[in-house]
Amino acid sequence: MSKLPAVKVKDPTTGKEVELSPIKVWTLAPKTRKGVKIGLFKSPESGKFFRAKVPDDYPAK
DNA sequence: TTAATTCA
DNA sequence: TGAATTAA
């Protein structure tokens, strides 16, 4: 329920680069590796959900 | 192949 | 239940 800042992401459904606030952000990492942070987004254009990497220093959870 | 998450 | 996400 945290207020996550907007991120510049490529919307794969429209092909456009847009600024969106992730619905949710979490770390996707194997035990032995650092992994990446993933955000769940909803395209304002298409209404479709998609996932994309967010910056490493992004507040997760 | 591995990791968590959630939509389809 | 599977896809998709990143990158080592």
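Atom set for the values below is all heavy atoms of this structure, side chains included, hydrogens, waters and symmetry mates excluded. We name chains A, B, ... by the order of the sequence lines, and we start the count at 1 in each one.
- For the OP1/OP2 pair of B/dT5 and a distance below 4.0 Å, the side-chain nitrogens and oxygens of A/Lys24 include no atom meeting the criterion.
- One can place CG of A/Leu28 at 13 Å from P of C/dA8, the figure rounded to the nearest angstrom.
- Note: CG (A/Leu4) to C1' (B/dT5) measures 14 Å, nearest angstrom.
- Looking at heavy-atom distances under 4.0 Å, A/Leu40 makes contact with sugar-phosphate atoms alone, never a base.
- For A/Pro30, taking side-chain heavy atoms from C-beta onward, the closest of the listed nucleotides B/dA3, C/dT6, B/dA8 is B/dA3.
- In this structure, NZ of A/Lys53 is placed 11 Å from C1' of C/dT5, rounded to the nearest angstrom.
- With rounding to whole Å, A/Lys42 atom NZ is found 13 Å from B/dA8 atom C1'.
- With distances taken from any side-chain atom of A/Phe49 to the nucleotides C/dT5, B/dC7, C/dA7, the minimum falls on B/dC7.
- If you take CZ of A/Phe50 and P of B/dT5, they are 19 Å apart, rounded to a whole angstrom.
- A/Leu40 CG to A/Phe49 CZ: the interatomic distance, rounded to the nearest 0.5 Å, is 6.0 Å.
- Between A/Arg33 and A/Arg51, the residue anchored closer to the 5' end of DNA chain C is A/Arg51, taking for each the nucleotide with the nearest heavy atom.
- If you take NZ on A/Lys48 and OG1 on A/Thr13, they are separated by 8.5 Å, rounding to the nearest 0.5 Å.
- Between the CD1 atom of A/Ile38 and the P atom of C/dT6 there is a distance of 6 Å, given to the nearest Å.
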Distance-only check: which donor-acceptor pairs under 3.5 Å involve side-chain atoms of residues 20-38 of chain A, not counting sequence neighbours?
residue: A/Ser21; atom: OG; partner: A/Leu4; partner atom: O; Å: 3.1
residue: A/Lys37; atom: NZ; partner: A/Asp56; partner atom: O; Å: 3.1
residue: A/Lys37; atom: NZ; partner: A/Tyr58; partner atom: O; Å: 2.5

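- Looking at heavy-atom distances under 4.0 Å, A/Lys34 makes no contact with the nucleic acid at all.
- A/Lys37 has its NZ atom 24 Å from the P atom of B/dT2, to the nearest Å.
- Look at CG on A/Leu20: it is 16 Å from P on C/dT5, rounded to the nearest Å.
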Could you walk me through whether A/Val18 and A/Phe41 pass side-chain contact (heavy atoms from CB on, under 4.5 Å), step by step?
CA-CA 11 Å; A/Val18 283; A/Phe41 301 87; over 6 Å; no
